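To start, the structure under review is shown below, and the notes come after it.
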Amino acid sequence: MKDVILKIIDLDSNARGVARNEGMIFFVENAKLGQLVRAEVVKEKKSFVEARLVEVLEESPFLISEKIAEANLCGVYDLHDLQYAKQVEFKKNNIINQINRIAGENLDNIDFVEANKIYGYRNKVELKVSPDGKISYFSRASHDNVVVEKCVMNTEEINSVLQVLQELILKHNIPGYDTRSNKGCIKNLIIRSTSLGETMIILVYSDSHDFTSFIEDLKNSKIVDSFYMSKNTKPRNYKMIKVNHIFGLEKINEDLGEYSFKISPKAFMQVNKEISLQMYNKARDFLKSIKPQILLDLYSGISTTSVLLADFIPEILAVEINQDAVEDAKENARINGIQNIKWINKAAEEAIKEIDVDNNKTAILVDPPRKGLDKTIIDIVNDSKINDLVYISCNPSTFARDLKLFKEGGFYLETLTGFDQFVNTLETEIVAKIKRERNV
Ligand code: SAH
């Protein structure tokens, strides 16, 4: 295949370098924004060409000068070596392009909230252990273990826990689970921390290794506030199933603004506290301008949003599929002295069929996982008398797909703000206000 010389002028949503040459668009795996590269053509399509990086002819002026070792990165930080201003430009453009292309909007600029903390922000990680006991992550391409000493994106508390865990796993000779042979022990290490300095570990393991002295040492290290274990013997399955509380707190504590929250092992919490609080405040501003009588908070988790909104919305109905999260949510409302939230512990697409949406006093807040909304929800909202919707999204493309469907029901995008929650990765968050004019 032939070689071409390309100037990388952009990145696509998978962080491949984008270049133009003789009227064609080129996508070059591993090429960085701003580089001049020699690339080998791999696949030629009608309107674009896929190419492989052969050599960098001129380095990019947009890369940060200090190098972060791969072993300190946990695998997901595709943008880590790009200057922060360029990361922001990439993320803004990504949101604008997806929404314009998929939802037929005409945005040329959007508000975007940048992060103050570029490193040390991440409050939850999931890591593996290699068969010889080294804490690691799976490389995306090969599933090989890449050893992690500490990750510069993690909070300091998580990195301290990682160091102690590593020492103890080696001291007690506990092998990591080996995908290929289906042998070994530790499958998954989930480590969480909160801004109050509390830490939680959930250790997923496959066989009945004797953990007694390991647990004793971990407890004595005093670095872990809450320790759980979860046995999972299914081959090549790494999930925490049933969790057993081993020592310390059953739930760890976090605060957001003036409110306190308890988080159990299986409940969701945003990974970046600084940015998530700003996202919640944006949703709050949007809802304040709507002043609904009733709020349906769909995908409500441990009720962070419901609790932060309960001072000015008379009735809140929170819908969440995870039973542990609903239990946390009830406790969170109680410890914050809030009485105007009710919960439905069901899938949002099921629960909404049972809720009264035949009025215009209700507004909806949604905060779904990456796959976006179930179409049932959009159909019901489009057919309802509800005219106000606030959408928190962690995936611009599914947000754009859903916006298109809401537009078919007469809604329009009033405004949106992008947020850089997951700094140095390709991920971007959005909080949007979607509305329709109706006098019903
Ligand atoms: N709003 C919360 C949680 C957002 S994360 C916060 O900001 O903290 C998305 C939540 O949706 C998770 O708690 C997850 O358990 C829940 N979830 C996933 N699928 C769901 C579904 N089909 N119906 C209701 N909740 C769902």
Side-chain angles (χ1 to χ4, degrees), residues 113 122-124 126 190 192 194-195 202 239-241 243 251-257 259-284 286-287 295-310 313 316-333 336 338 341-355 363-381 389-395 398-399 402 417 419 421-422 427-432:
V113 174
R122 184 174 178 177
N123 64 16
K124 182 182 174 196
E126 244 184 274
I190 296 142
R192 306 179 86 155
T194 71
S195 64
I202 304 115
K239 288 198 184 114
M240 60 172 138
I241 310 176
V243 290
K251 299 180 184 185
I252 47 172
N253 298 285
E254 181 59 294
D255 62 9
L256 287 171
Y259 299 100
S260 310
F261 295 89
K262 290 196 179 282
I263 312 167
S264 62
K266 288 189 177 171
F268 173 87
M269 187 72 184
Q270 300 280 7
V271 295
N272 180 337
K273 181 187 160 176
E274 176 213 338
I275 296 294
S276 57
L277 188 56
Q278 295 191 66
M279 288 170 60
Y280 295 145
N281 282 334
K282 181 57 78 179
R284 186 180 157 88
F286 288 162
L287 283 157
L295 179 71
L296 303 185
D297 181 1
L298 305 184
Y299 309 86
S300 55
I302 61 170
S303 280
T304 40
T305 41
S306 293
V307 166
L308 291 170
L309 297 165
I313 301 178
I316 298 179
L317 191 54
V319 178
E320 164 61 45
I321 201 167
N322 176 336
Q323 192 184 347
D324 292 357
V326 173
E327 292 310 316
D328 290 358
K330 289 180 180 169
E331 191 175 356
N332 290 331
N336 290 294
I338 290 165
I341 308 174
K342 291 200 178 75
W343 291 268
I344 303 182
N345 181 195
K346 273 192 183 170
E349 56 277 22
E350 293 306 320
I352 197 160
K353 294 178 188 159
E354 302 159 15
I355 297 170
I364 301 192
L365 171 67
V366 296
D367 186 2
R370 287 186 58 75
K371 67 175 185 202
L373 294 177
D374 190 288
K375 187 156 182 299
T376 316
I377 296 175
I378 303 177
D379 290 342
I380 290 177
V381 173
L389 178 75
V390 174
Y391 194 137
I392 303 179
S393 162
C394 56
N395 184 344
T398 55
F399 167 79
D402 293 346
T417 302
F419 291 84
Q421 163 133 228
F422 217 163
E427 310 295 334
T428 319
E429 271 69 24
I430 294 170
V431 180

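Because the structure is predicted, anything quoted here is derived from the model rather than measured. For ligands, and for the atoms within them, numbers begin at 1 and follow the listed sequence. Along the sequence shown, residues carry numbers from 1.
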- Heavy-atom pair of closest approach, residues Ile190 and Glu126: CG1-CG, 3.2 Å
- Query: For residues Asp297 and Ser306, is any side-chain donor paired with an opposing acceptor at under 3.5 Å?
  - Reply: yes
- Item | Closest approach of Asn345 to Ile321 (non-hydrogen atoms, all atoms of both residues) | ND2-O, 3.1 Å
- Please examine the side chains of Ile344 and Leu317, heavy atoms only from C-beta on, and report whether any two atoms are closer than 4.5 Å. yes
- Item | Those protein residues which place at least one heavy atom below 4.0 Å from ligand 1 | Phe268, Gln270, Tyr280, Tyr299, Ser300, Gly301, Thr304, Glu320, Ile321, Asn322, Lys346, Ala347, Ala348, Glu349, Asp367, Pro369
- Item | Electrostatic pair Asp255-Lys273, nearest N-O below 4.0 angstrom | yes
- Message: For the residue pair Trp343 / Ser303, report whether a side-chain donor-acceptor contact shorter than 3.5 Å exists.
- Response: yes
